[in-house]
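Each remark here refers to the structure printed beneath this line.
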There are 2 protein chains.
Amino acid sequence: MDQSDIKYTNQRIEILEFLKGFDGHPSVDDVYEGVRKKLTRISKATVYNNLKFLAEKGLIKEVNVKGVSRFESNLEPHHHAICIECGEIIDFQSEELREYAMKIAGKIDNFKVESTDTNFYGICKKCKEMK
Amino acid sequence: MDQSDIKYTNQRIEILEFLKGFDGHPSVDDVYEGVRKKLTRISKATVYNNLKFLAEKGLIKEVNVKGVSRFESNLEPHHHAICIECGEIIDFQSEELREYAMKIAGKIDNFKVESTDTNFYGICKKCKEMK
DNA sequence: AGTTTAAATAATAATAATTCTTATTAAGAA
DNA sequence: TTCTTAATAAGAATTATTATTATTTAAACT
């Protein structure tokens, strides 16, 4: 991603800071509410625009779960464990799995794979205890 | 999934038939437009309800790409190659990858994995030729 | 068969997430 | 400073999805 010509406006800096300090995978609304504490006049459209912009520039990553966008600043390639009850996302790193998948990626006809990740669906601790 | 008490209404039969005959991963609208040719009076809410219902019963599967739901009748566990340009989804089967991932799944703390699949992101043939 | 009951459907209103539009503001170049 | 362009704020518009309500269908019972 071309990160050479990025204009770091206050809004973009605050959004990046918020993501770095956030433990989890915030939705657009989470980011909006969080950033609003410092930039009280920020517009939600600006949050949308800049999350998209920063994701295109490769400074953050977008994850889509159950139809809603979530974001993360963890740029290390990793996988996600997703709770099928509450939608909670847990990062999980396994370089060996990624390598294995990339090796297999070569077998897909007429498709040039650039990246891969694996999703693990199941029940998180909190939801398990509720039963 | 409990498939014992499924009531096969005309609407459900037509939705299942459409999915079986469709080569790809249709959206709700695709299904609606397709089924409407036979059941001209069907409501879109019925399509939503029944796609959800059939997915819960395990007769079809739901895939979420870029925030929109898509469906498939291919029940064999498989992975998806997703074009980052046009969003096209290609099924890709690799039992060895699934087994490998499930083995690694045991390492995730406090999370009971029920299923796993791997996404391959890249450029499809059609989009590659356009460049 | 006729009546009762519950589930399924159609139509459409409501909601949520996201994108678009337009006027304003900020920032850099001339 | 003035010109130019990109970024932003505000809110309207759009899209995908869910909820509501009246009607229809179908099964269960008498």
Side-chain angles (χ1 to χ4, degrees), chain A residues 2-19 25-57 59-72 82 84-87 89, chain B residues 2-19 25-57 59-72 84 86-87 89:
Chain A
D2 183 10
Q3 289 172 216
S4 54
D5 58 347
I6 294 173
K7 205 176 280 178
Y8 284 94
T9 63
N10 283 344
Q11 288 83 344
R12 285 173 188 171
I13 289 165
E14 286 303 329
I15 288 169
L16 283 171
E17 284 305 308
F18 176 81
L19 281 172
H25 300 74
S27 66
V28 174
D29 264 8
D30 294 333
V31 177
Y32 177 59
E33 292 304 332
V35 169
R36 225 142 72 100
K37 282 169 190 160
K38 289 211 172 173
L39 299 174
T40 50
R41 288 177 51 73
I42 197 169
S43 154
K44 191 178 273 192
T46 299
V47 177
Y48 269 98
N49 286 340
N50 284 329
L51 285 170
K52 201 184 190 179
F53 173 87
L54 295 169
E56 270 167 14
K57 295 295 180 182
L59 293 172
I60 63 175
K61 283 207 298 187
E62 182 172 355
V63 197
N64 199 292
V65 179
K66 286 186 177 180
V68 297
S69 289
R70 297 180 165 277
F71 297 85
E72 61 185 356
I82 301 164
I84 54 180
E85 291 286 334
C86 67
I89 308 170
Chain B
D2 184 10
Q3 289 172 215
S4 55
D5 57 348
I6 294 173
K7 204 175 282 180
Y8 284 94
T9 64
N10 283 344
Q11 289 84 342
R12 287 175 186 168
I13 289 165
E14 286 302 329
I15 288 170
L16 283 172
E17 285 303 309
F18 176 81
L19 280 171
H25 301 73
S27 66
V28 174
D29 264 8
D30 293 333
V31 177
Y32 177 59
E33 290 305 331
V35 169
R36 227 143 70 100
K37 283 169 190 159
K38 288 212 173 172
L39 298 174
T40 51
R41 290 178 48 75
I42 197 169
S43 155
K44 191 178 276 192
T46 300
V47 176
Y48 269 97
N49 284 340
N50 283 329
L51 285 170
K52 200 181 189 183
F53 173 87
L54 295 169
E56 269 167 15
K57 293 295 180 182
L59 293 171
I60 63 177
K61 282 207 299 186
E62 183 171 355
V63 197
N64 200 291
V65 179
K66 289 185 176 181
V68 296
S69 288
R70 296 179 166 279
F71 296 85
E72 61 185 356
I84 53 181
C86 67
I89 309 170

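Protein chains get the first letters and strands the later ones, always in sequence-line order, with residue 1 at the start of each.
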Open item on the list: Nearest 0.5 angstrom please: B:Lys37 NZ to B:Phe18 CZ, how far?
Closed with: 7.0 Å

Task: Results of side chain to side chain donor-acceptor pair (under 3.5 Å) for A:Gln11 - residues two or more places apart only - done: none

- [ ] For B:Tyr32, enumerate each residue passing the ring pair (Phe, Tyr, Trp, His ring centres under 6.0 Å) test, keeping only those at least two apart in sequence or located in another chain.
- [x] none

Task: Interatomic spacing from CG in B:Leu39 to CD in B:Glu14 - rounded to 0.5 Å - done: 5.0 Å

Open item on the list: Suppose we screen for salt bridge (charged side-chain N to carboxylate O under 4.0 Å, His left out). Which residues come up paired with A:Glu33, at least two apart in sequence or across chains?
Closed with: A:Arg36

TODO: Report the C-alpha distance between A:Ile6 and A:Leu59 in whole Å, list the side-chain angles of each, state the deciding distance to 0.1 Å, and finish with yes or no for side chain to side chain contact (heavy atoms under 4.5 Å, CB included).
DONE: CA-CA 10 Å; A:Ile6 294 173; A:Leu59 293 172; 3.6 Å; yes

I'd like a list of close polar pairs between nucleotides 16-21 of chain D and the protein, N/O only, cut-off under 3.5 Å.
unit_1	atom_1	unit_2	atom_2	d
D:dT17	OP1	B:Ser69	N	3.2
D:dT17	OP1	B:Ser69	OG	3.3
D:dT17	OP2	B:Tyr48	OH	3.0

Open item on the list: Using a 4.0 Å cut-off to any heavy atom of chain A, which nucleotides of DNA chain C are the first and last in contact, reading 5' to 3'?
Closed with: C:dA17 to C:dC20

Short N/O separations, protein against nucleotides 5-7 of chain D, under 3.5 angstrom:
unit_1	atom_1	unit_2	atom_2	d
D:dA7	OP1	A:Arg12	NH1	3.4

TODO: Drop me the distance from B:Glu72's CD to B:His25's NE2, to the nearest 0.5 angstrom.
DONE: 4.0 Å

Less than 3.5 Å apart, which donor and acceptor atoms pair up between the side chains of residues 47-54 of chain A and the rest of the protein, not counting sequence neighbours?
unit_1	atom_1	unit_2	atom_2	d
A:Asn49	ND2	A:Ala45	O	3.3
A:Asn50	OD1	A:Arg12	NE	2.8
A:Asn50	OD1	A:Arg12	NH2	3.4
A:Asn50	ND2	A:Thr46	O	3.3

Open item on the list: Suppose we screen for salt bridge (charged side-chain N to carboxylate O under 4.0 Å, His left out). Which residues come up paired with B:Lys44, at least two apart in sequence or across chains?
Closed with: B:Asp29

Task: Qualifying residues under side chain to side chain donor-acceptor pair (under 3.5 Å), relative to B:Ser27, sequence neighbours excluded - done: B:Asp30

- [ ] Apply the test side chain to side chain contact (heavy atoms under 4.5 Å, CB included) to residues B:Leu16 and B:Tyr8: give CA-CA distance (whole Å), side-chain angles for both, the deciding distance (0.1 Å), then the verdict.
- [x] CA-CA 10 Å; B:Leu16 283 172; B:Tyr8 284 94; 3.8 Å; yes

TODO: Using side chain to side chain donor-acceptor pair (under 3.5 Å) as the criterion, list what pairs up with B:Glu62, not counting sequence neighbours.
DONE: B:Ser69

Task: Sorted by number, the residues of residues 32-42 of chain A with heavy-atom contact under 4.0 Å to DNA chain D - done: A:Arg41, A:Ile42

